[in-house]
**Q** 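Here it is, the structure in full.
Just so we're clear, the structure is a prediction, and the values are computed from it rather than from any experiment. In what follows, chains are A, B, ... by sequence order, proteins preceding strands, each numbered from 1.
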Amino acid sequence: MTERVDRRGGSPKPAKSALAAVAANHYVLATLSLIVFLALWQVISMNVPPIILPGPAKVAVAFVELTLSGELIRATLQTIWPFLIGLVLAFILGTGLGLVLGIFRPAARILDPYIFVFWSIPNIAWLPLFIAWFGVGELTLIVFVFVSAFFPQLLTVESGAKEADSFLVEVARSLGGTKREILHVVVLPSALPYIFAGLRIAVGRALVGIIVGQLLIVATGIGYMFQFYGETLSLAKYFAPLIVIAALAVLLNRGVNWAEHVLVPWKQRAFV
Amino acid sequence: MRDLQFVNVRKTYRSPSGQDLLALADFSLTVDGGRFVSVVGPSGCGKTTLLRMAGGLIPSDGGEIRLDGGLLIDPSPKMSMVFQGIGLMPWKTVEGNVALGLQLQAHRRKLTAEETKRIHATLEMVGLKGFEHYYPHQLSGGMQQRVGLARALVRQPEILLMDEPFGALDAQTRTVLQDELLTIWGRVGSTILFITHDLDEAIYLSDLVVIMGRRPGRIKQVLEVKLRHPRYGYDARAEAEFARLRSIAWRSIKEEL
C-alpha cells in the first residue's frame, strides 16, 4: 500500500510534467512535427521511383538552383503583381458595393438576382470569354483574379451589413442617433468582422485564379512553372513553385489575421 | 417641471392574420417631476409599449405624450432609456459606450473637456472607475448594466425611462443595483419611469406604483408608497407598510393572470 502511494507520488509525476512542458512549447512542437514530416517524406521517397516523388534533399537543391538562376524570383514577381492588383481591386470594390447593398435594401433587391447568377457560374467558364475580350496577356489575368475574388468579398460583406443587430439600432435611435450616425456607430462596426471573413475567402479564390490563369492564358509565372515541370516530369523542380505558393498563402492568411486582430479587438479578446 | 404626461394614449398592433389588437386603451397618467414611478402588470399588458412610446421609439395611435408640456414624438435629448437587454456596442469600450450617450445627444463626435470629465464622474458614480477601457464582454451582467446606466445618466436626463433594467440579473446583484439606483436618483433628481414585473422591486423603489390590467392595457390601480427615503437606510422591505402594499398589489395583479 505504502509502496503504491510512493510510486504515484514519485517518479511518474515529474516525468508527466516534463512532457507537458515540452508540449506547451509551441516552437519545440512545431520543430518536432517538421522533423517527423521530413523523415516520413524521405522514407517514402526512398521506396518509390524518384520520378514519382523526389526526396526532400533533392527538392531543396532544386529550390536553391531555381532561386539562384533567377527563374523562381522572376516567376514569383510575374505572379504576385497581377494577383495583388486583382485582389486589391476586388477587395475595395467588393467591400464598397457589399456595404452599399447591405445598407440600401432597394438597391439590393434590384442587383441581388444578377449577383447571384454571376456568383453561381464557375469562374473558369469566364476564361475563354475574357481571353476573347481582353486578349492573351496581363489584363485578362488581372480580370480573372478580380472576378474570382470580387464575388465572395461582395456577398460576405453584404450579408454582414444586413446582419446589424436591430436592438442596437434601436438603442442608438433612443440616444438620438440620426440615420447617418446609426450607420456609423452600429452598422459599419458590425460589418467589419465580415470584411475580414470575406477577405479570407477572397485570398483563397484569387490564388486559385492566378494559378489557373497562368496555366491557361499567359504561360508565365508560377502557374507556368507548374505546367512546365509537371509535363516534363521534373518533379524536384516542381516543388519549388509549390513552396512559394504555400508560403504566399500562409503569409497572406497571417496578414489578414493580424489586421483583424488589430482592427476588430472586441472579437478575439472573447477567446483570451 | 420635468413632468411626463400621458393623455388618452392608445396603441393598436396588427396581428399577422390582419386583426387589430388593442395593446393600450386610453392610457392617462401624469408622472410629476422628480418622482419615481413604477409600472407593473402581467406580461402582455402593454407596459413596454408604453415606455417605448414615451421614449419616442414607436408612435402612438391616438392621444398625446407630453414632456414639460411639449408634444413628444421622437427620441428626446432630455430623456434617457435603460433596457433589460442593455444594448452596449460590443466594439466600444466602457468609456466609449458611455461617451456615445453624449455624442448622439449632441450630434457631434468630438467631446469637450467638460464632457470628458462628466463621463469619468458618471463612471465613478456607478462604480466603474478603473474599468474605462474594458470591453462589454469582459464584464459581468451587473457591470454591463452599470454601463447602461452610466450611458443614460451622462446625458443628465430630465427623465429616465427604465425597461426592466434589472430583470436579467441574479437576485443579489439586483438588490445591490436597486440601492445604487436609489442613491443615484437622490443625487441627480431625475424623474424616473420604471417598468418591472417584480412587485417587491416596484414598491421598494417607487413613490407611485401603477398596476396595469391587460387586453387592452389600462391602469387598474395606483398605489402610493409612503415609506420614507432613503429606503436603503433601513430595512424598508421589513416594514408593515411594505407588506400591506404588496398584498394589495398582488391581489390586484392576480385577477389579471
**Q** Go through the steps to decide whether A:Val185 and B:Gln103 satisfy the test side-chain contact (heavy atoms from CB on, under 4.5 Å), and finish with yes or no.
**A** CA-CA 10 Å; A:Val185 299; B:Gln103 287 163 328; 5.9 Å; no
**Q** Is there a donor-acceptor pair closer than 3.5 Å between any side-chain N or O of A:Arg173 and the backbone N or O of B:Pro75?
**A**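 Looks like no, no N/O pair under 3.5 Å.
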**Q** Could you check whether atom CZ of A:Phe118 has more than 12 heavy atoms from other residues, nucleotides or ligands sitting under 6.0 Å from it?
**A**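 No, CZ of A:Phe118 has 12 or fewer neighbouring heavy atoms, counting only those of other groups under 6.0 Å.
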**Q** Just give me the residue among A:Ser174, A:Ser190, A:Gly177, A:Gly176 that pairs up with chain B most often, heavy atom to heavy atom, under 4.5 Å.
**A**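 Among A:Ser174, A:Ser190, A:Gly177, A:Gly176, the one with the most close pairs to chain B is A:Ser174.
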**Q** For B:Arg66, I'd like to know if atom CZ has over 12 heavy atoms of other residues, nucleotides or ligands within 6.0 Å.
**A**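 Enclosed: over 12 neighbouring heavy atoms sit under 6.0 Å from CZ of B:Arg66.
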**Q** With a 4.5 angstrom heavy-atom cut-off, which part of B:Pro90 approaches chain A: side chain, backbone, both or neither?
**A**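 Both parts, backbone and side chain.
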**Q** Might you point out which heavy atoms bring B:His107 and A:Glu181 nearest each other, and give the distance in Å?
**A**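 Nearest pair, atom of B:His107 first, then A:Glu181: ND1-OE1, 2.9 Å.
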**Q** For B:Tyr134, look at atom OH and say whether over 12 heavy atoms of other residues, nucleotides or ligands are found less than 6.0 Å away.
**A**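 Not more than 12 within 6.0 Å, no.
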**Q** Considering non-hydrogen atoms only, spot the tightest contact between A:Leu175 and B:Arg155 and give its length.
**A**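 Distance-wise, the nearest heavy atoms are O-NH1, 2.8 Å.
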**Q** Contact part of B:Leu161 toward chain A, heavy-atom cut-off under 4.5 Å: side chain, backbone, both or neither?
**A**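 Neither the backbone nor the side chain of B:Leu161 comes within 4.5 Å of chain A.
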**Q** Among B:Gly85, B:Gly56, B:Gly101, which residue forms the greatest number of heavy-atom pairs with chain A at distances under 4.5 Å?
**A**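 Top option by heavy-atom pairs under 4.5 Å: B:Gly85.
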**Q** Would you say CZ of A:Phe167 has more than 12 non-hydrogen atoms from neighbouring residues, nucleotides or ligands within 6.0 angstrom?
**A**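 Atom CZ in A:Phe167 is crowded, with more than 12 foreign heavy atoms closer than 6.0 Å.
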**Q** With a 3.5 Å distance limit and no angle check, can you tell me whether A:Trp266 reaches the backbone of B:Thr93 through a side-chain donor-acceptor pair?
**A**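 Not a single qualifying donor-acceptor pair exists.
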**Q** Can you say whether B:Leu102 sits under 4.5 Å from chain A via the side chain, the backbone, both, or neither, judging by heavy atoms?
**A**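 Neither part.
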**Q** Most heavy-atom pairs under 4.5 angstrom with chain B, which of A:Leu192, A:Thr178, A:Leu168?
**A**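 Option with the greatest count: A:Leu168.
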